[in-house]
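Taking it in order: structure first as structure tokens, then the write-up.
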Amino acid sequence: QQKVQQSPESLIVPEGAMTSLNCTFSDSASQYFAWYRQHSGKAPKALMSIFSNGEKEEGRFTIHLNKASLHFSLHIRDSQPSDSALYLCAVAHVGDNSKLIWGLGTSLVVNP
Amino acid sequence: EAAVTQSPRNKVTVTGGNVTLSCRQTNSHNYMYWYRQDTGHGLRLIHYSYGAGNLQIGDVPDGYKATRTTQEDFFLLLELASPSQTSLYFCASSDWGLNYAEQFFGPGTRLTVL
């Protein structure tokens with residue numbers, strides 16, 4: 001069974017800081033790597049995803065995948081108080097009966 | 001126009017009671033999922049389905065039944081509710097392909113079993 005672990009469990013940063021969140025996985029055949037964000041009292045919502053080694057940037061957010069190291073990360077540039085949320089990483093092997101394997105989450109607080 | 005809706009949004013029942021949680025998606029997705037979310041445990045998959053009449057067992061299925069009646073509708077049934085099933089329940093839908101696998105979540109149902 002695939003294992004997905006996130007670090008740190010929680011993080012407090014000042015407004016404007018660079019924030020880095022980490023996710024490790026155990027199945028090297030995994031094909032889909034994603035970050036979801038969940039604001040308090042709301043549903044998780046996909047933030048960014050990547051399917052191949054490398055990096056992808058969307059606005060202030062960058063996702064980086066290193067399959068050889070079984071690791072991917074999310075970097076938030078110029079963190080804002082509105083970024084305060086629970087960040088969940090998810091991994092999947094795309095195929096029949098596909099399902100996501102989730103990390104437990106990193107709770108991020110951005111202080112103004 | 002929310003693409004995944006859930007009802008009810010809040011439900012209180014007593015131990016031993018019957019509860020049905022409903023989910024409808026208008027994304028035309030084949031896959032639908034039921035999760036529960038509890039502090040310290042993250043999102044845990046209860047059951048999922050890849051089409052009408054299909055049901056797959058998730059990671060925490062004990063005490064839960066599910067039924068997918070149409071492509072749009074997926075139900076979660078608790079026939080003898082217990083306090084351990086007090087939780088926040090999310091439904092989600094998705095499709096899978098070479099470059100897409102995003103899950104879209106409903107707003108959640110908060111269930112309390114007294």
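Chain A is the first sequence line, chain B the second, and so forth, proteins listed ahead of strands; every chain is numbered from 1.
Heavy-atom distances place the side chain of B/Asp59, and not its backbone, under 4.5 Å from chain A. Interface remark: B/Gln37 contributes side-chain atoms only to the contact with chain A (heavy atom separation under 4.5 Å). Contacts between A/Ile50 and chain B at a heavy-atom distance below 4.5 Å are absent for every atom of the residue. For chain A, the nearby part of B/Tyr33 is the side chain; its heavy atoms alone come within less than 4.5 Å. Only the side chain of A/Gln38 comes within contact range of chain B, with at least one heavy atom under 4.5 Å from a heavy atom of that chain. Neither the backbone nor the side chain of A/Ile101 comes within contact range of chain B; no heavy atoms are under 4.5 Å apart.
In terms of modelled atom types and a separation under 3.5 Å, the side chain of B/Ser87 and the main chain of B/Tyr89 share no donor-acceptor contact. Side-chain atoms of A/Ser69 do not come within 3.5 Å of backbone N or O of A/Asn66 as any donor-acceptor pair.
Note on B/Leu78 and B/Tyr48: separate hydrophobic clusters, where clusters join Ile, Leu, Val, Met, Phe, Trp and Tyr whose side-chain heavy atoms are under 4.5 Å apart, directly or indirectly. Linking Ile, Leu, Val, Met, Phe, Trp and Tyr residues whenever their side-chain heavy atoms come within less than 4.5 Å places A/Leu65 and A/Ile76 in a single cluster.
Ring pair B/Phe105/A/Tyr36 is perpendicular by interplanar angle, where above 60° counts as perpendicular and below 30° as parallel.
With chain A as the partner, the residue from B/Leu43, B/Leu45, B/Leu88 showing the most heavy-atom pairs under 4.5 Å is B/Leu43.
Side-chain contact between B/Arg9 and B/Pro107 is present, with heavy atoms from C-beta onward closer than 4.5 Å.
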